[in-house]
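Reading through the structure tokens given below for one structure.
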Amino acid sequence: MKKKQGARMDKYLLVSVLSVCVGIFVWWLVTDGLGLFRSNVLPSPVKVCQTFLKKWVEARPDGATLLQHLMASLKVALGGYLIGALVGIPLGIFMAWNDKVDMLVRPVFDLVRTIPGVAWTSVMVTLVGIGYMSKALVIFISAMVAMVINSYSGIKQTKTVHLWVGQTFGASNWDLLTRVAIPSALPMIFTGLDVALGSAWTTLVAAELLASTRGLGFMIQQARGIFRLDIVIVGMVVIAITGAILSSIIRKIGDRVVKGGRLR
Amino acid sequence: MEKKEPKVVVNHLTKKFGDLLVLDDLNFEVQEGEFLCIVGPTGCGKTTFLNSLTRLYEPTAGEILVNGIPVDPKKQDISYIFQEYSSFPWLTVEQNVRFGLEIKRVPKEEADASVEEMLDIVGLTKFRSYYPSQLSISMLQRVAIARAFATKPELLLMDEPYGQLDIDLRFKLEDELLKLWKKTGTTVLFITHNIEEAVYLSQNIMVLTNKPTSVKTVLHNPLPLPRDVMSQEFVDLRNQVTDLIKWW
Amino acid sequence: MSENKNVLIEFRHVDKEFDKPEEGMYKVVGDLNIQVRENEFLVLFGPGQCGKSTILNMIAGFEMPTAGEIICDGKAVDRPGPERGMVFQNTALFPWLTVMGNVEYGPKMQGVKKEERRRRAQKYIDLVGLQGFENSFPVKLSGGMQQRVGIARAYCNEPLVMLLDEPFGHLDAQTRYLMQDELTRIWQAEKRTVIFVTNNIEEAVYLADRILVLRNCPTGVKAEYEINLPRPRNYTDPEFLRLRREIDAVVDHTL
Amino acid sequence: MRAYEKNKRLILGAVGIFIFLCIWYAATKLTSLGKVMPDPVTVFGGFFHAFIQPIGTRTMTMHILISLRRMLIPYVFGGFFGVLVGVLMGWYKAADAIFMPYIQMLRPIPPIAWIPLSIIWFGFDEGSKYFLIFLACFFTIALTTYNGVHSVDETLVRASKMLGANDRQLFLTIVLPTTVPYIFSGLQVALGSAWATIVAAEMIRSSEGVGWLIVRGQDVGNMTQIMIGIVAIALTGLLITTLMRVLESKLCAWTVRGK
């Protein structure tokens, strides 16, 4: 029994690897191999890899290296994200814990949450101009909204029986919040941190596409203007990888902080 | 035994959800250190009854006195073991057992001693740093019981804690509970659907009616401890209670 | 062993091993030989997790024995089939189908025409006492009522044998007594071979024609008892209690 | 009891919105914010006025309808193919092995990052917007459907086989119904990201639509028009998410627990 199942797993792994290789080969064939597509419509994989390596150090054509663009984007994204989380988590908890506030603030919040982060770019650019601040504010809003949603539902999902245990031991409202509701909401809060990071990163790229002088979004927008599709693809790959790395960092922190596994 | 002041006195306890009457004018007394089992037909508002006793549900009318003063979990040591598994998944076994003591701000040495004692009695000392997600169902119930007894409660409420366990495990945990009860002298109110369990544990059995719930009668259980589930007197008492409840 | 009335199901030297990731091969059933007679109410009784459900799963065809074979109605069992109906501990009802939808599912899969399967389903819904609930969703029913749907659904497929895997395990004590009465009534009205698995000694003595007491893992038959008390039986009748005490002494208790 | 609770929630909600508008109004009137930010009366006045008096070449209704059309057509395609691929990958191990690597590689790329590529491949007009929205929905729905197919309860499969269902019947009567709630949750998540993507795409390059309203307002420094655009986006977004939730509660009634 054991070997057969093992073998079946490897077979599918092989199929996956094969499928990716075939994909890359077709991509190469269609571009360099048969020259069906010119480089400014679909660059070949070889060209994309070359650009990837060169761009890390080369400032041409948009005046900054890939590394500088990446750092600029990270600085904006993480700045807005951290403040957004710091404001969003307590706000979400407070909204969920106090019924009166919940009923008052909830409808307003439901209206605001449907506005995509990118829409705020125009408002912020008009208020404070293109620079760092306008994009940081846009990121702050989108991260805060995501944090409020998740902390709010984390607190609301606290099991009543856990609250009852606290109450019968005579716990004060503060005890119930800090020793029962918040620890029980922790896993959801970390899901929120992950989601907020994703939405911050996406909103940043959008903001940079619209109005910026540096950053990954700026880089791919500039490259598109001069039909440097290889830089566009390199930019997209770096955006994707950075997003994935940031997300796994948050999950690792979460696994260490949230003890005892998920709610039983 | 001369008439001591009863531990718990309940007068005209009534509970309504909107216009649905659930508890209908309950009146009874529970003596100090008594083990009272509460039985009743399925779905007769037994949980609402216990929740109203501890003010988790605000009673619509009536008063509940513990040691002569209105019941208040903040001032009095009351513990409640719920039917649902209620150990905190983010706390280890030891931290779970210590939870009540920390809420009541019990000084450290006294709390430590009580935690060690409880872990030892329920046999979870080896598992002190495990998390609930790593434990079996019966061990989880033991954590809840240890946590409840750790604060040396004057009044312990239990809502069918052994409902889901195998027969063997249930007998073992029931014996363990009787041992703890004798050792701490706590007054216990134990809800159950299982009449055999009620006769096995109780000094008195309170039989509730169908909805809207009221007290049908209170039977005294004269059988000496430890009881033989298959002895004729045991079976006779069990038949008597079953006939009071049998609604089908 | 009593005289050989025609045997419907037979276990011949059946072994069953599971492959546990860390502990390697883990023997659950060891050299099991059982004969199940037609229209008999057989109870497999044993402590906690000792392979009782695995035996049922092998008859139902969900699991294959590692060694030996299981003969049902003359044929070796190799896959699940409608002639072996099963009632599960967690009811396993299809939540998106109504009570009628669940009960007529079997015949519908066999391609029975609509009127015929509706008629048959209605017959079994009435048999288990669920008239009026035909169009409710399972999520709206109590535990006891859901099990009744499970029983009706298995019966509706006209099985040769009914396999019940601790069906009343999750019910509260009183509903459990009620369901035991109901099952006895249903079984007497619609005679089928029944194999009932439980770890509750009272339930075993109350329901069984014959009880097979099973050992701890790897399981095998430890003792056999014929129960010929008249039905409906009484939990507190002296003979019932004597039998219960005798069987209780034999079974090996979990730690 | 329930009715009273609902009314209380509605009243308090309305009061909440009213207070929010008052704070906004006071801020614009009393503080320096007023210099840059229009007060709510002007904004909402402008918003409703725009239904009659067109902004640019379109009335507000048309702006909203165009944005919705741009989003819904590719959303339906993205949803359809997403469910199809999700089910295929969930049911057939081979399809899973072939397609999963691509989905895992392409999913982390935010839809908005595709804008430059889509403009080059499909030009500035509708084509690139359809491509973007398709991507924004396809991956999310394919993965949630895939998870749905994999989350079938084993005992239900056994119950179905015991009752005599063959593989095809098992798939149609057990696997698909189990997946429906997952498909719906995927559709709702995809709707949110599709709406955000269409706004961004319209802001990059378009001649009408709610996204255009905002970016046009930004170009001419007309903050009122920007705020009108924000209000239009918020109300439309709220409308479509609520519609989807109502649709889901109708179709997945059996999952709602409740005696």
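Protein chains get the first letters and strands the later ones, always in sequence-line order, with residue 1 at the start of each.
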Could you tell me whether A:D175 and B:R105 have a side-chain N and a carboxylate O separated by less than 4.0 Å? yes
Give a yes or no on whether the ring-centroid distance for B:Y80 and A:W164 is below 6.0 angstrom. no
With a 4.5 Å cut-off on side-chain heavy atoms, are A:L186 and B:W90 touching? no
Can you tell if the side chain of A:V180 reaches within under 4.5 Å of the side chain of B:F99, non-hydrogen atoms only? yes
Counting heavy-atom pairs under 4.5 Å to chain B, which of A:S172, A:G166, A:A171 comes out on top? A:A171
List the atom of A:F169, the atom of B:I78, and the distance in Å for their closest heavy-atom pair. CD2-O, 4.3 Å
Which heavy atom in A:H162 sits nearest to a heavy atom in B:P89, and how many Å separate them? CE1-CD, 3.7 Å
Rounded to the nearest 0.5 Å, what separates atom OG1 in A:T168 from atom NZ in B:K74? 11.0 Å
Might you confirm whether atom [atom1] of [X] has over 12 heavy atoms from other residues, nucleotides or ligands at distances under 6.0 Å?
X: B:Y130; atom1: OH; value: no
X: B:K182; atom1: NZ; value: yes
X: A:F94; atom1: CZ; value: no
X: B:M139; atom1: CE; value: yes

Proximity breakdown for [X] and chain A, heavy-atom pairs closer than 4.5 Å:
X: B:N51; result: side chain
X: B:S86; result: both
X: B:R147; result: both
X: B:T92; result: neither

